[in-house]
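Just below is one structure, and these are the notes that go with it.
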2 protein chains.
Amino acid sequence: MLSPTGGIPRPATRVLVIDDEPQIVRALVINLKARHYEVDAAHDGATALQLAAARHPDVVVLDLGLPDMDGVEVIRGLRGWTRVPILVLSARHSSDEKVEALDAGADDYVTKPFGMDELLARLRAAVRRAEPVPGGEEDVIVDTADFTVDLAAKKVHRDGKDVRLTPTEWHLLEVLVRNTGRLVGQKQLLQEVWGPSYGTETNYLRVYMAQLRRKLEADPAHPRHFITEPGMGYRFEK
Amino acid sequence: MLSPTGGIPRPATRVLVIDDEPQIVRALVINLKARHYEVDAAHDGATALQLAAARHPDVVVLDLGLPDMDGVEVIRGLRGWTRVPILVLSARHSSDEKVEALDAGADDYVTKPFGMDELLARLRAAVRRAEPVPGGEEDVIVDTADFTVDLAAKKVHRDGKDVRLTPTEWHLLEVLVRNTGRLVGQKQLLQEVWGPSYGTETNYLRVYMAQLRRKLEADPAHPRHFITEPGMGYRFEK
DNA sequence: CGCGGGCGTCAGAGTTCCGTCAAGAGGTCC
DNA sequence: GGACCTCTTGACGGAACTCTGACGCCCGCG
């Protein structure tokens, strides 16, 4: 990873670009980075699905013509678990193609060649409407008997004090809290926190889970909130 | 999905069509009504804003060329109080126009002449993503008289408490529950839980089935939910 | 009435998995 | 360069889980 620890306060929009044509990827990456988006790129569908799971992009730009799988399959693969906006690029102008992609779950369909300004505007629109309603959403703060997690401010409060967490500790906590009550498999946990290639290093989990419990549990030896499900994963309970 | 809303019986999707060209309005209205949308139509911006406030449409189709006011002003007027999806129609292909409309709050931009199929697909996409998350937490929950299984959270609840299951127990339960009411053969059960090379070790089944019944049945000796079909397999009943 | 197959139950052995500690590697800030 | 801080890695005791064999029960059948 390039900046595993550095990304601190600004929640930059993360874009996943999926295209097998290097020039297009390059043009997109340059333009997006210039506008302070965080960009990941994949040149085939399999990599794309992996990256999406690992990085949780805020928006996906997908070229339908991929070497390894049908673009529509990529859409379905994503839609199986996420509602992230998908902006489709395609050289095909056929109406059927558009309808198929849109009905599979795409949010927008742009035909090549496209104007960069227009694409960026469509991207802004897609991101904008995916944003949570500015006024509502109490979900950013999760309260337990022992501590409070503020997902927006990235802060944990306990006994009237802020608890200091390292980036990895926070990342792990975040994944667990966003799935409050649900079991999160160790593989999923590892891949979301450490990256797609870390699926088996369960010792990381043990170390950092212990760290979290030491900092947040009233009695770290008998955790009430960070619960181990042996052989499966961990679960955060309020 | 045949119905515009995605199959669930719900009040019809309401569309507000704003265009000053009678033929286009007519074509849209006919096509939309044929697909069981409710349709309102306005021929100018002022009427459109009034109608939108009165009728609360689920999606707006807006032609930018209106007699009384600039189309972008209509977008702003709507965005002042609602996040309803806005699909813009326009004869102008200019990139600047598109960018302006999209940044003013439009969700999509289609240039005339447009294909009706494509427009309808884009409309479906706009409506779809505005829908609330299906099922709230989309947790698949199976309820019985004695306990509750949450397949997404991997949780079993009984008598106000969470029941702790081992990985094998959970896996077995999952296969049975996903086939509620159906007989699952022992070979199938073994292969799904233990792997393709296990087809005959029926003693595993006996042990873990007993485990499940002890943890979940009110009277493990006389199971109501985990039913043995001698010589064949097991069946889960609510 | 004896026999055998299929099933449920139990408890122990063996293995895997987890929590904990500690030490080293790498990076950052003064 | 030195003093942190953080992430990685290895080792170990103990806990949890899986597997296995033994036993008893029920039932159909010879």
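This is a predicted model, so every value here is computed, not measured. In the text below, chain A, chain B and the rest are named by the order of the sequence lines, each starting its count at 1.
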N or O in side chain of B:W194 less than 4.0 angstrom from D:dT18 OP1/OP2: no

Side-chain heavy atoms of A:R122 within contact of A:L87, under 4.5 Å: yes

Spacing between A:I227 atom CD1 and D:dA15 atom P, to the nearest angstrom: 19 Å

Atom pair CG/CG of A:L64 and A:L89 - distance to nearest 0.5 Å: 8.0 Å

Value in whole Å for how far the C1' atom of D:dT18 lies from CD of B:E169: 10 Å

Residue pair B:R214, B:Q211: steps toward the side-chain hydrogen bond (donor to acceptor under 3.5 Å, both in side chains) verdict: CA-CA 5 Å; B:R214 175 141 32 92; B:Q211 211 82 327; 2.9 Å; yes

Where protein sits on nucleotides 8-22 of chain C, one letter per nucleotide: B base, S sugar-phosphate only, - none, heavy atoms under 4.0 Å: BBB------SBBB--

Validation row: A:V15, A:V59 side chains within 4.5 angstrom (heavy atoms): yes

Residue from A:L120, A:V17, A:L123 passing side-chain contact (heavy atoms from CB on, under 4.5 Å) with A:L28: A:V17

Donor-acceptor contact below 3.5 Å, side chain A:R79 vs main chain A:G105: yes

Integer-rounded Å distance: D:dC7 C1' and A:L165 CG: 15 Å

Donor-acceptor pair between A:D162 and A:H157 side chains, under 3.5 angstrom: yes

Phosphate OP1/OP2 of D:dT18: any B:Y204 side-chain N/O under 4.0 Å: no

Residue pair A:L190 / A:T202: nearest heavy atoms and the distance that separates them: CD1-N, 4.1 Å

Minimal non-hydrogen separation, B:R213 against B:P223, with atom names: CD-CB, 3.4 Å

Value in whole Å for how far the P atom of D:dT6 lies from NE2 of A:H171: 16 Å

NZ/NE/NH1/NH2 to OD/OE distance under 4.0 Å, A:R76 and A:E73: yes

Within-4.5 Å side-chain heavy-atom neighbours: B:L205 and B:W194: yes

Please list, pair by pair, any protein nitrogen or oxygen found under 3.5 Å from a nitrogen or oxygen in nucleotides 26-30 of chain C.
none

Touch class at under 4.0 angstrom, heavy-atom based, for A:R164 against every strand present: sugar-phosphate

Angle between terminal axes - the helix from C:dC1-D:dG30 to C:dC30-D:dG1, 5 pairs each end, rounded to 10°: 20°

side-chain N/O B:T166 vs D:dT18 OP1/OP2, d < 4.0 Å: yes

Euclidean distance, atom CD of residue B:E201 to atom C1' of D:dT18 [Å, nearest integer]: 13 Å

Main-chain N/O of B:R164 paired to B:K215 side chain as donor or acceptor, under 3.5 Å: yes

Spacing between B:L189 atom CG and C:dC7 atom C1', to the nearest angstrom: 15 Å

Whole-Å gap separating C1' (D:dA16) and CH2 (B:W170): 19 Å

Length of the NE2-C1' vector between B:H222 and D:dC26, whole Å: 12 Å

